[in-house]
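Comments concern the structure below.
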Amino acid sequence: MATTKVLILYFSRGGATQRLADSIAEGVTQANGEPLLRTIESDQDAASSRDLAITKADIDSCDALILGSPTRFGHMASGLQKFWESTSNEWLKGTLINKPGAVFTSTSSLHGGQESTLLSLALPLLHHGMFLTGIPYSQPSLHGDQAGGSPYGASHLQQSQTLSDNEQKSAQALGRRVCQLACVCRDSDIDS
Ligand SMILES: Cc1cc2nc3c(=O)[nH]c(=O)nc-3n(C[C@H](O)[C@H](O)[C@H](O)COP(=O)(O)O)c2cc1C
């Protein structure tokens, strides 16, 4: 059986969102999938310039896509929005229809807009016909954390150079969940 490819598309200036992307990638690997960390074109100072810039071929060949951004005034970073505005052809072709999707973000303040950013990230995925999933409350790490972690997606409150234990576990759980869903969706005959 072909390996399940989970595209993790993100931008990170300072590295906080990248830490989440890396934990999500660990979760994908735990579920025996192949995480593909990709970013958008930006300057070399951005932490995410560590990873390759996304191509349209990546979108065509992925089985799932997880999208992440630092919170910028309650919204996704403009470079990611710009990227989605270049995907009309993929939308017309239905490249992402029936593939699972999920979202993640990082903020510097507790009430700085994690949920609004997660919802803004979800919108292009829904327009592209993806099956959006969050993190169910059966995930123990979602309970009782004083930092990130949300049913809407993985998140991180940037207080230090590391994720909290619960943030890391929730991010890994999201990666596993999307990868497992991608296996199911790929082998299903769902109308589109
Ligand atoms: C232009 C700009 C706008 C921001 N807006 C918010 C915001 O609305 N709420 C918040 O909590 N943090 C905000 N931040 C802080 C970043 O979201 C936060 O530091 C994040 O963890 C950075 O992620 P990164 O290290 O992956 O770049 C903003 C930062 C910048 C540069």
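Numbering of ligands and ligand atoms starts at 1, following listing order.
Of the N and O atoms on the side chains of E34 and T3, not one donor lies less than 3.5 Å from an acceptor on the other residue. Side-chain atoms of S48 and D51 form no donor-acceptor pair, as typed in the model, at a separation below 3.5 Å.
Listed as neighbours of ligand 1 are S12, R13, G14, G15, A16, T17, P70, T71, R72, F73, G74, S106, T107, S108, S109, G112, Q158, each bearing a heavy atom under 4.0 Å from the ligand.
Within 6.0 Å of NZ on K56 lie more than 12 heavy atoms contributed by other residues, nucleotides or ligands. The number of heavy-atom neighbours closer than 6.0 Å to CD of E41, taken from other residues, nucleotides and ligands shown, is 12 or below. Within a 6.0 Å radius of OH in Y152, other residues, nucleotides and ligands contribute 12 heavy atoms or fewer.
For the pair M76 and F83, the minimum side-chain heavy-atom distance is 4.5 Å or more.
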